[in-house]
Amino acid sequence: MRILLVEDEKNLGSEIIQFLEKERFHCDWAQNSKRATELLINNPYDFVLLDIGLPDGNGLDLIKEARTIGSEAYFFVITAKGELRDKLLGFELGADDYLAKPFSLLELNSRLQAIIRRKFGHKSDEIKFGSFTLDTAKKQFFFKQELIILTKKEYDLLRYLVLNKNRVLDRLQLTEHIWGDFFEDDFDSNYIDVHIKNIRKKMAKFDETKWIRTLRGIGYEFIMGDVTT
Amino acid sequence: MNLLWEMLLPKTKLKNQFALISALSKVLLIVLSIFVIPWLVRIVSIRETDDQLIEKLDQIYNLIEIKGIENFIDEEDNNQGFGSYNILKEEYISIEKASDSLLVEFIDYQQREIDGEIYEYRVISATFSINDQVYLLEIGKSIDTIVSLENKLQRFAFYFLLILLGISTFIDLSVVQILLKPFGKIIERLKNSNHPKQFDYNIIPSQTSDFIYLQNSISDLMHQIESAFETEREFIGNASHELLTPISIIRTKLDNFAAIDQLNEAQTQKLFEVKTTLSRLTKMVRSLLLLSRIENREYLKNESIDLIKLITAVKIEFEDRADLKQQSIQCIHPNENFTITGNTELLQILFGNLLSNAIKYTPEKGAISISIEKNLSQFLIQIQDNGPGIDPADLPHIFDRFKRFGVHKESFGIGLALVKQIADYHDFKIKINSKLQEGTAFLLLVSNQQ
C-alpha cells in the first residue's frame with residue numbers, strides 16, 4: 001500500500017511516517033502542496049493523508065488537482081478544524097475521510113485497515129482467531145457457526161483489540177475509540193473494564209484460551225500469534 | 001424628596017411616569033380650583049359690586065347737588081326720608097336725616113324688611129351734610145343679584161379651566177410621546193443586545209441632545225465590549241487551534257513510544273499517566289475551540305433534524321453505560337413529527353452531554369427518563385434523573401465554565417457550559433428543576449418552526 005503524507009509540521013510528519021513504515025506501508029512525504037502535486041502526478045498512491053493547513057495554499061485545493069489528474073487515492077483529511085463545514089467542504093471536494101487533530105496513530109491504522117478491507121478488497125471481511133470469527137461486514141461474532149451476541153460497544157472494542165493485536169491498548173485509547181468525541185470532560189475507565197469482563201465471559205463459554213491480557217491500571221492486550229485475515 | 005418620589009411613582013417606564021405625574025398634577029389643579037375659584041369669584045364679585053355702589057353714590061351726590069336735597073327730602077318733616085326700590089327689589093336707595101353728626105362712609109351686609117319679607121343687601125352707607133343738616137345715604141344691592149353673578153362667573157371659570165386642562169393634557173401626552181420615542185427605541189435596542197454580534201451602532205435620530213449623548217456613550221461602551229469580546233474570542237480560538245499542533249506531535253510520539261516492545265510495566269504505567277494527562281489537555285483545548293467556534297457562529301444551522309431520531313441515536317450510544325450502572329433509560333414521546341432545523345453535530349453533543357451527565361450523577365439502579373412533548377408553539381424535551389439533585393447554591397453557576405461541583409473533581413466543568421452555549425446558539429430555552437435527594441430535570445424549550 002502506498003501512502004502520501006502531506007504535512008508541513010516536520011516533527012509530526014516524521015512520527016507518522018515512522019509509524020506507517022512499521023505497519024509496512026510504503027510512504028512518501030511532502031511538506032508543501034507543490035511537492036505533493038509532483039509526487040501525485042508521478043505515483044499511483046492508495047492513500048493520501050492530507051493536512052489542509054499548508055504553507056503554500058489550502059490543502060483542499062490539492063484534492064481537486066489530484067482528481068483532475070486522475071488520482072484514485074483515498075483522501076484522508078487531517079485538520080485541527082474539527083468542524084462540520086470544513087468536513088462537508090472536504091467531502092464535496094472529494095475527500096473520503098476525516099481525522100481531527102490530534103488523532104491516535106492506532107485509530108488511523110484501524111481506519112486504514114477497514115478501508116483496505118472494504119474498498120480495495122485486498123482482505124476478506126472475516127478475521128479469524130482460534131475457532132472465533134469476526135465478520136466485519138455484518139458486524140457479527142461467531143464461534144464456529146454459532147453466533148455470539150455482542151453489544152455494539154463490545155463488538156467495536158473487540159474488533160479494535162484484534163486489529164491492534166499484540167499491542168497494549170490503554171483504557172484511554174479504547175475509550176476514545178468506542179466513544180469518539182462526545183466532548184466528555186472526564187474519563188471513566190471503569191466502563192471499559194466492565195465491557196472487557198463481559199466480552200471475556202462470552203468467549204469463555206466456548207474457549208478456555210486467555211485471549212485478552214490485562215495490564216493492571218493501564219489497559220488490555222489481545223494476544224494472538226497468527227491472526228488470519 | 002427622593003423618598004417621596006419613590007413612594008409616589010411605581011417602577012415603570014419613564015413615559016408612563018410622565019403620564020402619571022401629568023395626571024396627578026392635573027388632579028391637584030382641579031381639586032385646588034374647586035376650593036379656590038369660588039373664593040376668588042366671591043372676592044371679585046364683591047369688589048365689583050362695591051365699585052358699582054361707590055359709583056352710584058357719586059352719581060347720587062351729583063343729582064343732589066344739581067337738584068338740591070329738597071327734591072328728595074322735605075326739610076320740615078324730620079321723619080320723612082327718601083326711598084326708592086326697583087320692582088324686583090334688586091336695588092334700593094334711601095336718604096334720610098341722620099340723628100348724630102358723625103360723618104361715616106362704609107360698606108357692609110345688611111338685612112332689610114320689605115313688604116314683610118327679609119332681604120339681604122350689600123349696602124354702602126354714607127353721610128353727608130348740607131346746611132348743617134347731616135343726611136344718611138344708603139345704596140343697597142341685593143345679595144341674590146351678586147350670587148347669580150358669582151355663579152355665572154364660576155361656571156365660566158370652570159369651563160375655561162376644563163378647556164385649559166384638555167389642551168394641556170393633549171400637549172403633555174403628545175410631547176411626551178414624541179420626545180420619548182427615541183428613548184423607547186434605545187431601551188428596546190438595549191434589550192435586544194444580548195450578544196456583541198447583535199450590537200446595533202446606528203444612532204436613533206432625536207431632537208434631545210441628552211438622548212444623542214446617551215446613545216453615543218452606550219455605543220462607545222458597546223464598542224469596548226465588542227472589542228474585548230473579539231480579542232478574547234480570537235485569543236481562545238487561535239490559542240486552542242495553535243495548541244492542537246504541539247499536542248498532535250506529543251500524541252504521535254507517545255503512540256510510537258508505546259509501540260516499543262521492551263518497555264517494562266513501570267514504564268508503561270508512567271506512559272499511560274502521561275497519555276491520560278495529555279488526553280485531558282486535548283479535551284479541554286477541543287472544548288474551548290468548540291465553544292469559540294459556536295461563539296463565532298461558524299456552525300451552520302440549516303439541517304433538518306428529526307429530534308426523536310437524533311435523541312434515540314444518542315440514547316443508544318449511552319445505553320451500555322447506563323446498563324453498567326444498572327440504570328434504566330426511558331424515552332417517552334408521542335408518535336408525531338418533531339422536526340427542527342439546526343446543527344446535527346452540535347445537538348448530538350448537547351443531548352450527549354445531558355445524558356452523560358445524568359448517568360454520571362445518578363447512583364446505581366437509578367432511573368433516567370427522556371420525554372419529548374409538544375404544545376401549540378413549542379417542543380418540550382425533558383431529561384430527568386433521580387440522582388442526588390443540585391445544591392440550590394450551585395444552581396446559578398451550573399452553566400459556568402470551569403466550575404466543578406460535588407464529587408466529580410476529575411471533570412473540568414465544561415460539559416454544561418457547552419450545553420448552554422449550544423442551546424443559546426439554537427435559541428432553545430433551557431431550564432433546570434432540581435431538588436436535593438430527589439433528582440434533576442433539564443428542560444429544553446424549542447420553538448416549533450412548522
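Chain naming here is simple, since letters A, B, ... match the order of the sequence lines and numbering starts at 1 in each. None of these values were measured; they are calculated from a predicted model.
No other option in B/Q269, B/E265, B/K325 has as many heavy-atom pairs under 4.5 Å with chain A as B/Q269. Interface remark: of the candidates A/R167, A/H195, A/K152, A/K22, A/H195 forms the most heavy-atom pairs closer than 4.5 Å to chain B.
The side-chain heavy atoms of B/I359 and A/Y191, taken from C-beta on, include a pair separated by under 4.5 Å. Contact annotation: the side chain of A/N11 approaches that of B/K253 to within less than 4.5 Å [non-hydrogen atoms, C-beta and beyond].
Only the side chain of B/T282 comes within contact range of chain A, judged by heavy atoms closer than 4.5 Å. B/A258 does not touch chain A: none of its heavy atoms, backbone or side chain, sits under 4.5 Å away. With a 4.5 Å cut-off on non-hydrogen atoms, A/N198 touches chain B through its side chain but not through its backbone. Using a 4.5 Å cut-off between heavy atoms, B/L243 does not touch chain A at all. Residue A/L108 does not touch chain B at all, counting heavy-atom pairs closer than 4.5 Å. Heavy-atom distances place both the backbone and the side chain of A/I218 under 4.5 Å from chain B.
No more than 12 heavy atoms of other residues, nucleotides or ligands shown are found within 6.0 angstrom of CD on B/Q330.
Within the model, atoms CD1 of A/I192 and CG of B/L324 stand 9.5 Å from one another, a figure rounded to the nearest 0.5 Å. The OG atom of B/S248 sits 5.5 Å away from atom CG of A/L12, with the distance rounded to the nearest 0.5 Å. Rounded to the nearest 0.5 angstrom, B/L289 CG and A/K101 NZ are separated by 11.5 Å.
The main-chain N or O of A/E15 is found under 3.5 Å from a side-chain atom of B/N256 such that the two form a donor-acceptor pair. When atom types are taken as modelled, the side chain of B/D255 and the backbone of A/L105 share a donor-acceptor pair closer than 3.5 angstrom.
With respect to the salt-bridge test (charged N to carboxylate O, under 4.0 angstrom), the residues B/R286 and A/E176 do not qualify. A/K153 has a carboxylate O that lies under 4.0 Å from a charged side-chain N of B/E317, or vice versa, which qualifies the two as a salt bridge.
Minimum interatomic distance between B/F272 and A/D170 (heavy atoms only, all atoms of both residues): CD1-CB, 3.3 Å.
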